[in-house]
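Comments concern the structure below.
Each chain gets a letter, A, B and so on, in the order its sequence line appears, and its residues count up from 1.
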Amino acid sequence: MESLNGFKRTFYCGDVRMDDVGREIAVCGWVQRRRDLGQLIFIDLRDRTGILQLAFNDLTDREVFKKAFTVRSEFVLAAKGTLRERSAKNKDLPTGDVELEVTELRLLAEAETPPFEILDNTDVNDTLRLKYRYLDLRRPEMQRAIAVRHKVVKAARDYFDDNGFYEIETPMLTKSTPEGARDYLVPSRVHPGKFYALPQSPQQYKQLLMLSGFDRYFQIARCFRDEDLRADRQPEFTQIDLEMSFVDTDDVIAVNEGFLKAVFRKVLDIDIETPIQRMPYAEAMARYGSDKPDIRFGLELCDLSGVVKDCGFKVFAEPVAAGGSVRAINVPGGATQFPRKQVDALVEFVKTYGAKGLAWMKLGEDGMTSSFAKFMTDDENNAIINGVGAKTGDLILIVADANDKTVFAALGALRCECARRLDLIKKDDFKFLWVTEFPMFEYSEEEERYVAMHHPFTAPMDEDVSLLESDKKRCRAKAYDIVLNGTELGGGSIRISTPNMQKTMFRALGFSEADAEERFGHLINAFKFGAPPHGGLAYGLDRLVMLLVGADSIRDVIAFPKVQNASELMTACPDVVDQKQLDELDITLKGETR
RNA sequence: GGCCCAGUAGUUCAGUUGGUUAGAACGCCAGCCUGUCACGCUGGAGGUCGACGGUUCGAGCCCGUUCUGGGUCGCCA
């Protein structure tokens, strides 16, 4: 192999054009492909910008040609020569009008045949991709995702700097707070038996920064949550986190609409319309069955509780009587587009969300069929049809449950499933939505108490302060989420900034004063010294990038992601450690673990 | 913790009712080829059918267990 030995690259492969013809240029990169025509060899050289064709001719330069003959896929080359116009052009390639007539070639590294081809649109097993992540990342698609990620971060730094925000780092080794997600714990050598926690978010620190007078803060913050993974959830992820002083909801929203505008302009050259539509949580649930509705398509929910509350069909009447509801989606054209088999699949689909079943009614050309017709009178059936505004050819899908949460969960998911099956979703459409006025509390079956829906530092809406302790179910918070195409991109709130309100909040959550002091004493104490009204928001950077590049999995926008069981296939971590390390940390493992 | 899906050549897949020597494409190797660009042509190598156990005269195929990966419910203040 040869060394660089003074070789200087003058161009990236993807950057050369007709204007550069005649120039002596030098490029470096990996061999995408070699085409051997006998006395001619072409090599496609790839770097992060694209591909440039290198040309070798046995008759013109025998020595260089012989070298090119030994080259294989993924070899690392440096090539110098004169750029010339091609006799046969490739209009599919940005550099397709030109090629490099190589006069000097250096083989910087050989390469074994990779376990999979370095190509876009290859559907290689995830296990293999992740084990050889460094090869997977060579694919142009992945290079683009990582580049977009960089652009978003750069846009964030530029935008927030332009708007008077300071970027401030907060600690990675922090105190464990049992509310919320499970913490990743870090043992302390200096304090045997004690543990740090990796941050789930910089929440408390950024609030303290407001109290310290920094007024506007942002951070590209790594966050950690020891919970199960999903297609859009990793245990280690990145937030674009921000906080502002002397603001109310409208101020935070305005700054963030500016930010989203800037990002979409810089990354996709798309103009987002502002102001972005806002919708209270209650309306989002009622119309879409979700607090992060995808508003690119209709299929809205319809409440049939009033229509069916006295009907003869127990499956409908009883849940209403028990305080639940009966709701429906009307799928236009569904009667013809969903044959019986697909409807059965939808029935199974809603069961995964806890629904006991899915009642359906088809308004076919040749009459009505339904899964419950025999339990209903004609008038009752007609009331349902009129209730949802169905026409001939439509399919009505109904979920009934004594618990509204189940009805919303099932229909909210069903709505999206139907849209997917009917191909109603345009992938390049970006529909933003602010969801506002979230409930302050939600009831935790597991803990048998009300817990903070957002977090315990969220301020209640001014008109609902009196409900904090008297009517938790109806109490709303100054919390808002930014939703894009059915994905929660970010969320935030106006925070509690007075010790009294914070105490009331902890009391409402059922913390004793001692509990609150133990867990959040530093914050309560700090607020005694003058906290400005403040609020902020945090984006999931990974999700934002996912949507910008149209990726289906969050793994495709993270350079080195974890798999479903939270391990990393390339380095095979987590892994066991030496006994010596454990001894230093005063940690004993249960026998069966090792 | 629950449910669903997948695992066959380096890769992506096919493999009929359980039946002779498990196939294709791409990739890889060799030869030929002066304008290719998914080059072409000819030939070749390459398999623990994820693993273990069972049923059977006989298992890639059926059954059980398990491993790996994916999706999802719970969970994710």
Side-chain angles (χ1 to χ4, degrees), chain A residues 32-45 51-60 65 72-74 84-93 95-97 99 101 112-132 135 177-183 200-201 203-204 223-235 237 345 348-355 406 409-410 413 417 438 440-442 444-447 450-458 477 479 488 491 493 505 509 519-520 540 552-553 555 562-565 567 569:
Chain A
Q32 178 68 35
R33 218 174 215 110
R34 187 189 66 134
R35 288 179 294 277
D36 178 357
L37 277 68
Q39 283 180 295
L40 275 183
I41 291 176
F42 297 105
I43 289 175
D44 289 339
L45 196 68
I51 277 175
L52 176 64
Q53 174 165 288
L54 312 181
F56 302 86
N57 190 324
D58 190 16
L59 301 179
T60 333
F65 180 86
R72 292 294 180 273
S73 284
E74 301 308 315
R84 69 180 177 207
E85 185 172 359
R86 291 200 201 181
S87 54
K89 294 180 179 171
N90 182 347
K91 59 183 186 321
D92 297 329
L93 219 56
T95 61
D97 289 346
E99 68 185 1
E101 182 184 16
E112 289 181 14
T113 304
F116 51 88
E117 289 183 78
I118 312 299
L119 291 172
D120 277 346
N121 307 318
T122 53
D123 193 14
V124 179
N125 190 326
D126 284 322
T127 315
L128 203 65
R129 284 180 59 196
L130 291 172
K131 185 174 172 192
Y132 297 95
L135 298 180
T177 53
E179 285 275 293
R182 273 187 278 267
D183 285 323
Q200 294 181 27
S201 85
Q203 184 60 36
Q204 294 181 43
C223 303
F224 305 85
R225 293 178 190 176
D226 187 4
E227 297 292 347
D228 285 356
L229 286 76
R230 286 288 188 281
D232 63 353
R233 240 162 58 188
Q234 283 270 311
F237 62 103
E348 290 310 305
F349 179 82
V350 297
K351 285 183 182 168
T352 62
Y353 294 87
T406 305
E417 179 66 16
F438 273 78
M440 189 79 233
F441 306 100
E442 73 186 325
S444 163
E445 305 285 348
E446 194 186 333
E447 298 189 43
Y450 279 93
V451 297
M453 190 161 186
H454 196 51
H455 56 59
F457 319 113
T458 303
E488 178 194 333
S493 63
M505 188 61 183
L509 287 168
R519 294 179 187 188
F520 304 111
D552 292 323
S553 167
R555 291 187 299 273
K562 307 276 190 288
V563 297
Q564 193 170 33
N565 66 11
S567 64
L569 296 179

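Distance check on atom C1': B:C57 versus B:G18 gives 12 Å, rounded to whole Å. B:C63 and B:U68 have their P atoms separated by 22 Å, given to the nearest Å. To the nearest whole angstrom, the two P atoms, one in B:G71 and one in B:C32, are 49 Å apart. When the C1' atom is used for both B:C26 and B:A14, the distance is 15 Å, rounded to whole Å. Across B:G54 and B:A59, the matching C1' atoms stand 11 Å from one another, rounded to whole Å. Between B:G64 and B:C3, the distance separating the two P atoms is 14 Å to the nearest Å. Only the P atoms considered, B:A25 is 13 Å distant from B:G40, to the nearest whole Å. One C1' atom belongs to B:A22, the other to B:G15, and the distance between them is 8 Å to the nearest Å.
Within the 4.0 angstrom heavy-atom criterion, no nucleotide atom of any strand lies near A:Lys91. A:Ile51 comes within 4.0 angstrom of no nucleic acid atom, judged by non-hydrogen atoms across all strands. Within the 4.0 angstrom heavy-atom criterion, base atoms lie near A:Arg86. Using a 4.0 Å heavy-atom distance criterion, A:Phe457 is classed as making no nucleic acid contact. Within 4.0 Å of A:Asp58, counting heavy atoms only, lies no atom of the nucleic acid at all. A:Pro456 comes within contact range of at least one nucleobase, with a heavy-atom separation under 4.0 Å. As judged by a 4.0 angstrom heavy-atom cut-off over every strand, A:Ala452 is placed among residues touching the sugar-phosphate backbone only. Using a 4.0 Å heavy-atom distance criterion, A:Leu128 is classed as a sugar-phosphate-only contact. At a threshold of 4.0 angstrom between heavy atoms, the contacts of A:Ser73 are confined to the sugar-phosphate backbone, with no base atom among them. Residue-level contact check: A:Thr127 touches the backbone only, with heavy atoms under 4.0 Å from sugar-phosphate atoms and none from bases. Contact annotation for A:Glu488: no contact, since no heavy-atom pair falls under 4.0 Å across all strands. At the heavy-atom level, A:Arg555 lies under 4.0 Å from the strands shown only through sugar-phosphate atoms. Within 4.0 Å (heavy atoms only), A:Glu117 reaches sugar-phosphate atoms of the nucleic acid but no base atom. Residue A:Asn90 is classed as a base contact, given a heavy-atom separation below 4.0 Å to a base.
Of the residues near RNA chain B, A:Asn565 and A:Asp228, the one whose nearest nucleotide (by heavy atom distance) lies more toward the 5' end is A:Asn565. Judged by closest nucleotide on RNA chain B, A:Glu85 is the one of A:Glu85 and A:Arg182 placed further toward the 5' end.
In this structure, A:Leu509 CG and A:Met440 CE are separated by 7.5 Å, a value rounded to the nearest 0.5 Å. Taking CZ of A:Phe42 as the start and CG of A:Leu37 as the end, the distance is 6.0 Å to the nearest 0.5 Å.
Counting only heavy atoms from C-beta on, A:Arg33 has its side chain closest to B:C39 among B:C39, B:U36, B:G69. Of the listed nucleotides (B:G70, B:G35, B:G27), B:G70 has the atom at the smallest distance from the side chain of A:Gln564. Listed candidates were B:C29, B:C39, B:G35. Nearest to the side chain of A:Arg72 is B:C29. Across B:U36, B:G10, B:C76, the shortest atom-to-atom separation from the side chain of A:Pro115 is found for B:G10.
Taking atom CG of residue A:Leu569 and atom C1' of nucleotide B:G70, one finds them 12 Å apart after rounding to whole Å. If you measure from atom CG of A:Leu54 to atom P of B:G35, you get 19 Å, rounded to the nearest angstrom. Per the geometry, CD belonging to A:Glu417 stands 15 Å off C1' belonging to B:C73, to the nearest Å. Atom CG in A:Asp120 sits about 19 Å away from atom P in B:U11, given to the nearest Å. Regarding A:Tyr132, its OH atom lies at a distance of 9 Å from the P atom of B:U11, rounded to whole Å. Computed from coordinates, the A:Glu227 CD to B:C76 C1' distance equals 5 Å when rounded to whole Å. One can place CG of A:Asp36 at 15 Å from C1' of B:C28, the figure rounded to the nearest angstrom. A straight line from CG of A:Asp126 to P of B:G70 spans 6 Å, rounded to a whole angstrom.
Stacking is found between A:Phe42 and the pyrimidine-like six-membered ring of the B:U36 base under the 5.5 Å centre-distance and 30° plane-angle cut-offs.
Shortest non-hydrogen contact noted between A:Gln200 and A:Thr177 is NE2-O, 4.3 Å. Summarising the geometry of A:Leu135 relative to A:Pro114, their closest heavy-atom pair is CD1-CB, 4.0 Å, with the distance given to 0.1 Å. Across all their heavy atoms, A:Val451 and A:Ser444 have their closest contact at CG1-CB, 4.0 Å.
Of the possible donor and acceptor atoms, one in the side chain of A:Glu227 sits under 3.5 Å from a partner among the backbone N and O of A:Arg182. Counting only distance, with no hydrogens or angles, the side chain of A:Gln53 and the backbone of A:Thr95 share no donor-acceptor pair below 3.5 Å. Put simply, the side chain of A:Gln234 gets close to the backbone of A:Lys562: a donor and an acceptor are under 3.5 Å apart.
Summarising the base pairing, B:U66 is matched to B:G50 through a Watson-Crick or G-U wobble pair whose two defining distances lie under 3.5 Å.
Side-chain atoms of A:Arg233 come within donor-acceptor range of the base of B:C76, with a qualifying N/O pair under 3.5 Å. Residue A:Arg34 places no side-chain atom within donor-acceptor reach of the base of B:C37, judged by atom type and a 3.5 Å distance cut-off alone. One donor-acceptor pair, N or O on each side, does fall under 3.5 Å between the base of B:G35 and the side chain of A:Glu99. In this model, a side-chain donor or acceptor of A:Arg84 finds a partner on the base of B:G35 within 3.5 Å.
For A:Arg35, a side-chain nitrogen or oxygen approaches OP1 or OP2 of B:C39 to under 4.0 Å.
A salt bridge does not link A:Arg233 to A:Asp228: none of the charged nitrogens lies less than 4.0 Å from a carboxylate oxygen.
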